[in-house]
There are 4 protein chains.
Amino acid sequence: MKQRAIADEDKQARRDSLLAAARSLYLEDTRQLPAVSRIAEAAGLAKGTVYLYFQTKEEIFTALLDQEFSALLDRLTEHFLTASGTPWERVNLFLEFYAKYLQEHPEFLRLAAMANSVLEQNLAQDHVYNFKLQLAQRLERTGNALESALSVLETGSGARLMVRTYALTLGLWQLLDYPDAMREVMMRPALRLLAPDFATELTSALKQFWRGVLADQ
Amino acid sequence: MKQRAIADEDKQARRDSLLAAARSLYLEDTRQLPAVSRIAEAAGLAKGTVYLYFQTKEEIFTALLDQEFSALLDRLTEHFLTASGTPWERVNLFLEFYAKYLQEHPEFLRLAAMANSVLEQNLAQDHVYNFKLQLAQRLERTGNALESALSVLETGSGARLMVRTYALTLGLWQLLDYPDAMREVMMRPALRLLAPDFATELTSALKQFWRGVLADQ
Amino acid sequence: MKQRAIADEDKQARRDSLLAAARSLYLEDTRQLPAVSRIAEAAGLAKGTVYLYFQTKEEIFTALLDQEFSALLDRLTEHFLTASGTPWERVNLFLEFYAKYLQEHPEFLRLAAMANSVLEQNLAQDHVYNFKLQLAQRLERTGNALESALSVLETGSGARLMVRTYALTLGLWQLLDYPDAMREVMMRPALRLLAPDFATELTSALKQFWRGVLADQ
Amino acid sequence: MKQRAIADEDKQARRDSLLAAARSLYLEDTRQLPAVSRIAEAAGLAKGTVYLYFQTKEEIFTALLDQEFSALLDRLTEHFLTASGTPWERVNLFLEFYAKYLQEHPEFLRLAAMANSVLEQNLAQDHVYNFKLQLAQRLERTGNALESALSVLETGSGARLMVRTYALTLGLWQLLDYPDAMREVMMRPALRLLAPDFATELTSALKQFWRGVLADQ
DNA sequence: TATGAATGAGGTTTCATTCAT
DNA sequence: TATGAATGAAACCTCATTCAT
């Protein structure tokens, strides 16, 4: 039996180790959430113990997604704060940075794609609320940085642009993603439309969108 | 309905009645796919019979989604073919029509949001392929109609614009959707960003995107 | 649709073609009875049609086993009627002939091993009775031939000796038989006892038994 | 019985209680294996729990048969170790003891008759191997005791004699067994050959066989 | 707090048998 | 007679969650 985590910091550490185990297992196969028993095992704990730290399995992955969102939006905020050049140059730099980040963190969009359909499904309202609140606040913050970076934006519109940018990203991902095993079959000409390189297509689509944004102002 | 579906048309009718039962049950609670046994029961058939028509539960809902896509894209194609006015007027009419359609078919986006994360998971590669192929072909067709409607588009770009339009729609929906039970809590100011009226926000975002598209040409 | 079998001889022919199909499929994998649908398919008929000729699946294979018994016992009877030499020589010749026959008809004992545990289980009493009756009559006949061949036997004991000989055969088969896939593992020394060559062990065991029989007289 | 079987001995007890439930249900109707759900119910457990202790239904009954074999062969070993008299007297005592035991445990041979045809069919090779290994080892042990009891046997021949004795038993049982419902019909003279009292016929046949064995030495 | 046995729902699968056509 | 769609029972299986220890 594992040593009991009694102090708050011990509990937090145990929670973190469960999240780390979950992330690690999820990365092995991002097509499905790993079983709780495997997460427990990977963390060196018993299955029941997981439920002392998370109320449901989905809560684990929502917490994970929350971490990922936090990391991404922090990076973007930071990026915006150091941007320079004309608005369009800044947009281009941002989109490059963004696409590169997503490419380096393939787990993010896969997990995010489950947020609405899988994760929020078996989650207490409370947790859905908290998750959305965190996300909204982070988007606001990043939106503000975006506004500073692109002085042409109307006050208050930055966060909404972040929402739309992310929405387009998420939707494109879901349309264009396919399992590795289908790589070959996706090469057929008839599927050209749904099989372009994600990063390329994303950048192209977002540029088109941002052209509209800047035209708005 | 015949007791035994022997003619091909009877079989198709039976298949459709299973899809109708599945749709009806799904609408009762769009947060999860209904059990196969309930679908069978709702269609007045034995569980085993369902598996004569569909290999897995996911196949049922993929077929349903396929129907929904078909209906939507047929309507859009039709709409494009009768459009008139300046390009921007035509875009506005299209977006209004589109947003209205989605509002009247709330099951569509909920189901579509599962396509990547839930439905394709337990589906033979074959079926995923066929589903994607159908979708691609329909998008091509609608894209062509779009090109005719908006003479300013480059040849071949219509389908890609459809993909991006749909992607933005799907992503926005996932970010803005929440269970009915959370309506009250979503009204809090801190969540304003993630709780606007979907149709309004969708129209606004798509207009912004299409502004970019037209600016491109 | 197949031509209807109306004349009795047509019906018998159809029944025989089903038996032939069943035998052929059974030989492909003697570890389990083939599905009725496969038998029907192999005979070029529909599944339901099989049930016009046999009441249950087991009835098919009982009929098959009946054929096999008939063939075996006819051969043995014939063999006994032409035997010569001392009683012990005749026994040895018989056992050699018998073991060789079984080796050349591996389906027989596999099917026979199912008679009690599988076939009779789902069979109308009527059919079990008829099957047993046929078997008993054939054993009597062969037993009589055996008595003629071995003049030393008491009148009436031939059939019982046939029963016992067959019982020892059947039991040995079940103890020593194993799936092909286990061949390698059965070679381990610890399993030597249950993995000798069946024909060799059968001959040895039956000689021992028949030594007792002749000692009795 | 504890509510949760945590200690190894509790687990063994639970496993045994499942086996007891299986045996009890099997005795109600030895023509077929009871459903797993009924076994679970009879043991006061959920169906899923059964699968914590056994991987398949067949494994349950193989384990049961293993127990039965163990009990029988232990009793025989014990019997041999206390035998006295001339070899032939010892054989007679053994056969009486053996026939009586089988008569008192009617489930044994019914279950044993399924070993080859039903039980091993849906069993992992591993389990078949283990079952055979156990059986072989027990037969060796009993065979050794038999050699001690009958000093006239060649060293190493005891286990093989046990195999043959058991084979004759199993085969005879399958030929002579019939469902209770057929008792009346089996009385008809034409079936005399296949309807003698099993215990009597077994003893007679085995005596004949053992006469041959002793003649061999 | 920690454990892991127990639960139980439900998806998947197979197939002998029935029965409307 | 012939068909094959429909049935329904059960095995098989997985796994999130609960709860006695």
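Each chain gets a letter, A, B and so on, in the order its sequence line appears, and its residues count up from 1.
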Spacing of K57(B) atom NZ relative to dT13(E) atom P, expressed in whole Å: 14 Å

Between dG10(E) (P) and R38(B) (CZ): distance, integer Å: 9 Å

Sugar-phosphate, base or nothing in reach of F54(D), heavy atoms under 4.0 Å: nothing

Inter-residue atom distance L33(C).CG - I39(C).CD1, 0.5 Å rounding: 8.0 Å

Separation of atom CD in Q12(D) from atom P in dA5(E), rounded to whole Å: 14 Å

Nearest to side-chain heavy atoms of A5(D), which nucleotide of dT17(E), dT18(F), dA6(E): dA6(E)

Whole-Å gap separating P (dT21(E)) and NZ (K11(B)): 15 Å

base_contact_polar (dT7(F) base, K47(B) side chain, donor-acceptor, <3.5 Å): no

Residue whose closest nucleotide on DNA chain F lies nearer the 5' end, L33(D) versus G48(B): G48(B)

Position toward the 5' end of DNA chain E (nearest nucleotide), Q55(B) or I6(D): I6(D)

Closest listed nucleotide, where the reference is the side chain of A46(C) and the choices are dT13(E), dT17(E), dT3(F): dT3(F)

Beyond-backbone contact of N130(D) with T62(D), side-chain heavy atoms, under 4.5 angstrom: no

Stepwise side-chain contact (heavy atoms from CB on, under 4.5 Å) check, L65(A) with L119(A): CA-CA 10 Å; L65(A) 182 55; L119(A) 300 185; 4.2 Å; yes

Nucleotide dA5(F), atom P - distance to CZ of R14(B) in whole Å: 11 Å

Steps toward side-chain contact (heavy atoms from CB on, under 4.5 Å) verdict (R23(D), E68(D)): CA-CA 10 Å; R23(D) 171 188 278 118; E68(D) 301 270 351; 3.0 Å; yes

Y51(C) side chain near dT17(E) phosphate (N/O to OP1/OP2, under 4.0 Å): yes

Sugar-phosphate only, base, or nothing, as touched by E58(B) at under 4.0 Å among non-hydrogen atoms: sugar-phosphate

For atom CD of E59(D) and atom C1' of dA11(F), their distance in whole Å: 14 Å

Side-chain N,O (T49(A)) to OP1/OP2 (dT3(E)) below 4.0 Å: yes

Proximal nucleotide (of dA6(E), dA16(E), dC15(F)) relative to the Y53(D) side chain: dA6(E)

For atom CD of E41(C) and atom P of dT14(E), their distance in whole Å: 15 Å

Validation row: E120(D), M114(D) side chains within 4.5 angstrom (heavy atoms): no

All stems with DNA chain E, defined as three or more consecutive Watson-Crick or G-U pairs under 3.5 Å: E:2-21 with F:2-21

N/O donor-acceptor pair, side chain R4(B) with base dA20(E), under 3.5 angstrom: no

Minimum side-chain heavy-atom gap F54(A)-L19(A) below 4.5 Å: yes

Under 3.5 Å side-chain donor-acceptor pair for Q12(D) and D16(D): yes

Considering all heavy atoms, the nearest D177(A)-K132(B) contact: O-NZ, 3.4 Å

Separation of dT17(F) P from L45(A) CG (nearest whole Å): 17 Å

L52(C) side chain, from C-beta outward: closest of dA2(E), dA11(F), dT3(F): dT3(F)

